Amino acid sequence: MNADIDKETLIYTVIAGIPVGKVASYGQVAGLAGYPQNSRLVGRLLKMMPNDSVIPWHRVVNSQGKISFPAGSEKYQEQREKLLSEGISFKSDKVNIKLHRWI
DNA sequence: TTCTTGACGCGCA
DNA sequence: ATGCGCGCCAAGA
């Protein structure tokens, strides 16, 4: 009955497991949750999460290491701030994936 | 119920 | 590096 909840919980758990100072891509999270082709589902799920959620959503970026929000937007800045405050360095507009890649 | 949209990813020119 | 198309799949209109 709550298969959807399980799926969400699974992805939620994976994201919650990303260490401080590390980042993971949507595809990576989806894969670890058992849905290697549902990268979009991860993003969709995060989008629906409450704003006061304790989930470290900011540690999820796209496979290029870029923030998936329009450059300059509020959300973009918010995520960038959070990442910087965790010691994650940026290479221009991309996260230095080489140094901060989780897995 | 069908069509469009989107916090993505990947291959190819 | 840059742009384009296609695959995936659930939510919203």
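Computed from a predicted structure; not experimentally measured.
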- prompt: Do A:E86 and A:H58 meet the criterion of a side-chain donor-acceptor pair at a distance under 3.5 Å?
  reply: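 Per modelled atom types, A:E86 and A:H58 side chains form a pair under 3.5 Å.
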task: Residues of residues 72-103 of chain A with any non-hydrogen atom less than 4.0 angstrom from an atom of DNA chain B: list those, numerically ordered, please.
output: none
message: Contact list please: residues 47-64 of chain A against DNA chain B, heavy atoms, distance less than 4.0 Å, in numerical order.
response: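 Contacts with DNA chain B under 4.0 Å: A:K47, A:W57, A:N62, A:S63.
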Dot-bracket pairing map - DNA chain C, Watson-Crick plus G-U, both contacts under 3.5 Å, | cross-strand: .||||||.|||||
N/O (side chain, A:S25) to phosphate O (OP1/OP2, B:dG9) under 4.0 Å: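 Answer yes for this pair, as a side-chain N or O of A:S25 is under 4.0 Å from OP1 or OP2.
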Results of side chain to side chain contact (heavy atoms under 4.5 Å, CB included) for [X] - residues two or more places apart only:
X	answer
A:Q77	none
A:Q37	none
A:K22	A:I18, A:P19, A:W102
A:P50	A:D52, A:S53

When rounded to the nearest 0.5 angstrom, what is the spacing between [atom1] in [X] and [atom2] in [Y]?
X	Y	atom1	atom2	value
A:L46	A:Y26	CG	OH	6.5 Å
A:L83	A:N96	CG	CG	12.5 Å
A:S25	A:R101	OG	CZ	7.5 Å
A:L99	A:K91	CG	NZ	10.5 Å
A:I97	A:K94	CD1	NZ	11.0 Å

Return the value, rounded to whole Å, for the distance between atom [atom1] of [X] and atom [atom2] of [N].
X	N	atom1	atom2	value
A:R44	C:dG12	CZ	C1'	10 Å
A:Q37	B:dG11	CD	C1'	14 Å
A:I11	B:dC8	CD1	P	14 Å
A:K66	B:dC8	NZ	C1'	13 Å
A:Y35	C:dG7	OH	C1'	18 Å
A:N38	C:dA11	CG	C1'	14 Å

Counterpart residues, side-chain hydrogen bond (donor to acceptor under 3.5 Å, both in side chains), relative to A:E81 (two or more places apart): none
query: Mind checking what makes side-chain hydrogen bond (donor to acceptor under 3.5 Å, both in side chains) contact with A:S89, not counting sequence neighbours?
result: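 With neighbours one apart ignored, the set is A:H100.
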field: A:L84 with A:V20, same ILVMFWY side-chain cluster at under 4.5 Å
entry: no
task: May I ask whether A:L32 and A:Y35 are part of the same hydrophobic cluster, defined by side-chain heavy atoms of I, L, V, M, F, W, Y residues being less than 4.5 angstrom apart, directly or through others?
output: no
- prompt: Do A:R40 and C:dG7 have a side chain to base donor-acceptor pair shorter than 3.5 Å?
  reply: yes
message: Under 4.0 Å, counting only non-hydrogen atoms across every strand here, what does A:S68 touch: a base, just sugar-phosphate, or nothing?
response: sugar-phosphate
Just list the side-chain donor-acceptor pairs under 3.5 Å for residues 65-75 of chain A, sequence neighbours left out, or say none.
unit_1: A:S73; atom_1: OG; unit_2: A:P70; atom_2: O; d: 2.8
unit_1: A:S73; atom_1: OG; unit_2: A:Y76; atom_2: N; d: 3.2

If you restrict it to nitrogen or oxygen atoms, what contacts under 3.5 Å exist between nucleotides 2-6 of chain C and the protein, and what is each distance?
none

- prompt: Is the backbone N or O of A:R40 less than 3.5 Å from a side-chain atom of A:N38, with the two atoms forming a donor-acceptor pair by type?
  reply: no
N/O to N/O distances under 3.5 Å, protein versus nucleotides 1-5 of chain B:
none

